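One structure is given below, encoded as structure tokens.
Counting starts at 1 for both ligands and their atoms, in listed order. Any value given below was found using the heavy atoms of this structure, including those in side chains, with hydrogens, waters and symmetry copies removed. Because the structure is a prediction, the values reported are computed rather than measured.
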Amino acid sequence: MLSERGRTYHLDGKRFVDVDHVTVQFEHAPGSQQVRVIEPVHELDDRFDALVDDTRIVRPMCGLIGRERVALWTAKLNLKVAGNGSGFGWHQDSPYWIHDCTHVDLLPNVMVAFDDAGEANGCLRVVRGSHRQGCLPGTSDGTQLGGFFTSPDHFDESQQVALEVPAGSLIFFSPHAVHGSQPNQSARPRRAIVLTYQPGDQPMLKNGRVRNALGY
Ligand SMILES: O=C(O)CCC(=O)C(=O)O
């Protein structure tokens, strides 16, 4: 159901709707009603919220962040539907977050694959070694979002690795890792949630509330 509270806007012709602090991105074809991404999504469904506390995710995150307690930073549901799910251009997450956060190095992601993901349905791709480079320059192509896509002069696309994984897999990756994915032109969806953590007791990106993992 469409919310009457939604605020619609377009960036580079792509439709976004904000409902309170939740942003919904639509697929890029003009007039498409197909949802592409919802962020943050954990609070919209108890099953997503429960994932935030799953020890198979939280324990490695504590190790990556180097803290005994961690909190959620954001949670994105990426639907990448069969047939016309759009891809994600090469980017790092850190440039999106650097103005909202003083600990951008401590925002590791985990992608939880809900479907088998392979090259055909647009699996996640990462650029080997790019996580060691810090925040890289964006493109300057004059578009509104261009600055968020990593300049091709600053990474080596030949170092990309396609992460083909079965449903249920976890992919942990750095906020500095250059990553992206191809469109999904196959008959199979490639749905996933990407959870991003941070040190405990820190507020989330979009709603400013603290969502500590495991309740402490
Ligand atoms: O879902 C994907 O393939 C990529 C997602 C991504 O890069 C992101 O959410 O920042």
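- Neither the backbone nor the side chain of V37 has any atom closer than 4.0 Å to an atom of ligand 1 (non-hydrogen atoms only).
- Listed by atom number, the atoms of ligand 1 under 4.0 Å from D93 heavy atoms are 10 (O).
- Defined by atom type and a distance below 3.5 Å, a donor-acceptor pair is present between the side-chain atoms of E43 and H21.
- For ligand 1, the atoms lying closer than 4.0 Å to a non-hydrogen atom of H179 are 6 (C), 7 (O), 10 (O).
- Residues passing the side chain to side chain donor-acceptor pair (under 3.5 Å) test with W73: none are found, sequence neighbours excluded.
- Remark: ligand 1 atoms within the under-4.0 Å shell around heavy atoms of M111 are 1 (O), 2 (C).
- Considering only non-hydrogen protein atoms, atom 8 (C) of ligand 1 sits nearest to K76 NZ, 3.5 Å.
- E39 and T23 are not linked by any side-chain donor-acceptor pair at a separation below 3.5 angstrom, with hydrogens and angles left out of the test.
- Within the structure, ligand 1 has R190 among the residues with a heavy atom less than 4.0 angstrom away.
- With salt bridges taken as basic N to acidic carboxylate O contacts below 4.0 Å, none links K14 and D12.
- No option in Y96, W97, F88 other than Y96 meets the ring pair (Phe, Tyr, Trp, His ring centres under 6.0 Å) test with F148.
- With respect to atom 7 (O) of ligand 1, the closest heavy atom belonging to the protein is H91 CE1, 2.8 Å.
- Sorted by first and then second residue, the salt bridge (charged side-chain N to carboxylate O under 4.0 Å, His left out) pairs with a member in residues 184-200 read D115-R191; sequence neighbours excluded.
- Counting protein heavy atoms only, atom 5 (C) of ligand 1 is closest to N78 ND2, 3.1 Å.
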